[in-house]
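Here is the structure we will look at, set down as structure tokens.
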Amino acid sequence: MSRKKKSASGKFGPLGNIIIVSGGIWKTESVGSQPRLRLSHWRIMRTERGKIHFVGYAVDNHEGRVSTAIESLDLAARTGVTRSGRLYE
């Protein structure tokens with residue numbers, strides 16, 4: 001069974017993946033104090049503005065994380081540097 005969601009234009013489209021966030025949103029540690037971050041269960045998501053971001057679980061912080069926009073990406077090494085300067089691995 002396919003669930004559909006009505007858009008503002010009145011047309012129906014696929015609902016897609018639903019992510020439930022609990023616990024709130026808070027400021028992360030600075031890049032200076034945490035220049036590298038290990039993610040597990042991660043993926044790369046593109047925003048409506050065309051920017052790509054890492055989305056995953058920060059292993060050392062025990063929290064979900066969405067990065068700033070990705071500036072460089074090394075798919076072979078599975079690492080990337082974001083606009084903030086943080087290295088995600």
Side-chain angles (χ1 to χ4, degrees):
M1 181 171 127
S2 176
R3 294 176 60 187
K4 303 283 182 176
K5 181 179 179 183
K6 191 172 183 180
S7 69
S9 66
K11 297 181 180 177
F12 287 87
L15 187 58
N17 293 333
I18 297 174
I19 299 172
I20 298 172
V21 177
S22 65
I25 298 172
W26 53 91
K27 187 174 172 128
T28 61
E29 291 187 43
S30 71
V31 175
S33 66
Q34 190 175 33
R36 301 171 78 108
L37 192 70
R38 293 184 308 138
L39 291 179
S40 70
H41 301 89
W42 63 273
R43 64 184 58 197
I44 294 173
M45 304 290 285
R46 183 179 305 276
T47 66
E48 292 174 347
R49 295 181 178 177
K51 301 291 184 181
I52 57 174
H53 300 260
F54 290 111
V55 178
Y57 181 75
V59 176
D60 299 321
N61 298 53
H62 307 286
E63 64 187 11
R65 180 66 67 97
V66 177
S67 73
T68 56
I70 298 171
E71 295 288 322
S72 66
L73 190 58
D74 182 339
L75 294 176
R78 297 176 58 99
T79 62
V81 177
T82 62
R83 189 178 73 220
S84 68
R86 183 172 279 130
L87 173 69
Y88 283 82
E89 44 189 2

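Heads up: numbering here begins at 1 and tracks the sequence.
- For the atom pair R36 CZ and T79 OG1, the distance stands at 8.5 Å (nearest 0.5 Å).
- Atom-to-atom distance recorded for D74:CG and L87:CG is 10.0 Å, nearest 0.5 angstrom.
- To the nearest 0.5 Å, atoms OG1 (T82) and CD (E71) are separated by 7.5 Å.
- Here the closest non-hydrogen pair linking I70 and S67 is CG1-OG, 4.4 Å.
- Looking at F54 and L73, their side chains come closer than 4.5 Å, going by heavy atoms from C-beta outward.
- Y57 is listed as a side-chain neighbour of H62, based on a closest heavy-atom distance under 4.5 Å.
- R86 places a side-chain N or O within donor-acceptor distance of the main-chain N or O of Q34, the cut-off being under 3.5 Å.
- Between the side chain of T68 and the backbone N or O of S84, at least one donor-acceptor pair lies under 3.5 Å.
- No continuous path of hydrophobic side-chain contacts links Y88 to V55 [ILVMFWY only; heavy atoms under 4.5 Å].
- Closest approach of L39 to G56, counting heavy atoms only: CD2-C, 4.1 Å.
- Within the 4.5 Å cutoff, no side-chain heavy atoms of T28 are placed close to those of L37.
- Counting heavy atoms from C-beta outward, R65 and W42 have side chains that stay 4.5 Å or more apart.
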